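Worth saying up front: this structure is predicted, and the values here are computed from it rather than measured.
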Amino acid sequence: MGLGVRLLKRLAVLHPRAGIGLAGRVGYWASFAFGQRHRPRRATVRLLFGDLPDREVARIRREATSLELRNEVMNAVSRAHGFEPLLPLLRVDPGPLVRLLGEGRPVVVVAWHLGPQRHLMATLRKLEIEALVAGGKARARRGESGRLEVATLEDAGLGTGFLRRAIERLERGGIVGMAMDGTQGGRFPVDFLDRRLEVGRGIAALVRRTGAELVPLTSHWVGRSSRFESRLHEPLPKPAADSADAQRFEAEILAATARWFEDEARRDPGNMRIRRLRRKLR
């Protein structure tokens, strides 16, 4: 199906809505044809979510294939044109963000790569709010506006560049966006889906050093269409540990955040990048 994927990418670059929507439908109804690149194994689904009925396992595999194919096609669009063609397809529920900013409270928006790709940067770009976002690759700079600053970790290491800029932004009551399922700020083990997973320590370090609110961000595809939705949720509770005890304070933040996203994953396993997650779990 390599030729089919290339044709979908070409169509999406020309007509994002049509190309991504077609990828969603083709990915679901022809999931058997996409092999290991896009479709999770039955054993993987059961390993992560328990002994589900065969019919439910089959549905999750089809939904996950549809998600993976749309993500790949979406990436082709963003590489060619940046985020602009994707923004009309995205609906954002800002949740508590406007209220928190109005109160002058700094915010760390934390995401996890479970659903649509690049949803963190796309969401903050859609809101047109000044924000600093940690990006993983230099091409993430495409599509940024004057209000959304994407700092790539290759350009500025977290310890010497990004972290300093993020603290300055938060101390002014601003917004910083980071994905938790990376290695920003060093690796830290957490429990996730009854297994061990290493996540980035960066969000916990920022909250401890600035007192920022930690606001989770989730995103999902709407059915098998080209449309996707993002939602910013209420801030997570602050740890009981004193911030002076850095190790315990940060461990509590990371464990609680992982549990929060685990609940989200269990509620909608078909909207999760199962194969990517499986590679990271022990």
Distance-only side-chain donor-acceptor flag, [X] / [Y], under 3.5 Å:
X	Y	value
Ser66	Arg70	yes
Ser31	Thr65	no
Asn271	His220	no

Is the shortest distance from a Lys or Arg side-chain nitrogen in [X] or [Y] to a carboxylate oxygen in the other one below 4.0 Å?
X	Y	answer
Arg208	Asp242	no
Arg172	Glu168	no
Arg6	Glu72	no

Is there a side-chain contact between [X] and [Y] (heavy atoms, below 4.5 Å)?
X	Y	value
Leu254	Met180	yes
Val215	Val110	no
Ile203	Leu214	yes
Phe261	Asp181	no
Trp260	Trp112	no
Arg39	Glu68	no
Leu97	Ile175	yes
Leu48	Pro269	no

Is atom [atom1] of [X] surrounded by more than 12 heavy atoms (other residues, nucleotides or ligands) closer than 6.0 Å?
X	atom1	value
Arg209	CZ	no
Arg55	CZ	no
Arg42	CZ	no
Arg59	CZ	yes
Gln247	CD	no
Arg41	CZ	no

Exam field: side chain Glu213 to backbone Leu100, donor-acceptor pair closer than 3.5 Å: no
Backbone N/O of Gly211 and side chain of Lys238: donor-acceptor pair under 3.5 Å: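 Side chain of Lys238 to backbone of Gly211, a donor-acceptor pair under 3.5 Å: yes, one is there.
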Working for side-chain contact (heavy atoms from CB on, under 4.5 Å), residues Arg196 and Val190: CA-CA 6 Å; Arg196 298 295 275 176; Val190 296; 5.5 Å; no
Mind listing the closest non-hydrogen atom pair of [X] and [Y] along with its distance?
X	Y	answer
Trp221	Ser226	CZ3-O, 3.5 Å
Ala122	Leu90	O-CD2, 3.6 Å
Val73	Ala12	CG1-CB, 3.1 Å
Arg169	Leu132	NH1-N, 3.5 Å

Phe188 six-ring face occupied by Arg201 cation (under 6.0 Å, within 45°):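 Cation-pi check for Arg201 and Phe188: fails.
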Leu114 side, atom CG; Asp268 side, atom CG - distance, nearest 0.5 Å: 9.5 Å
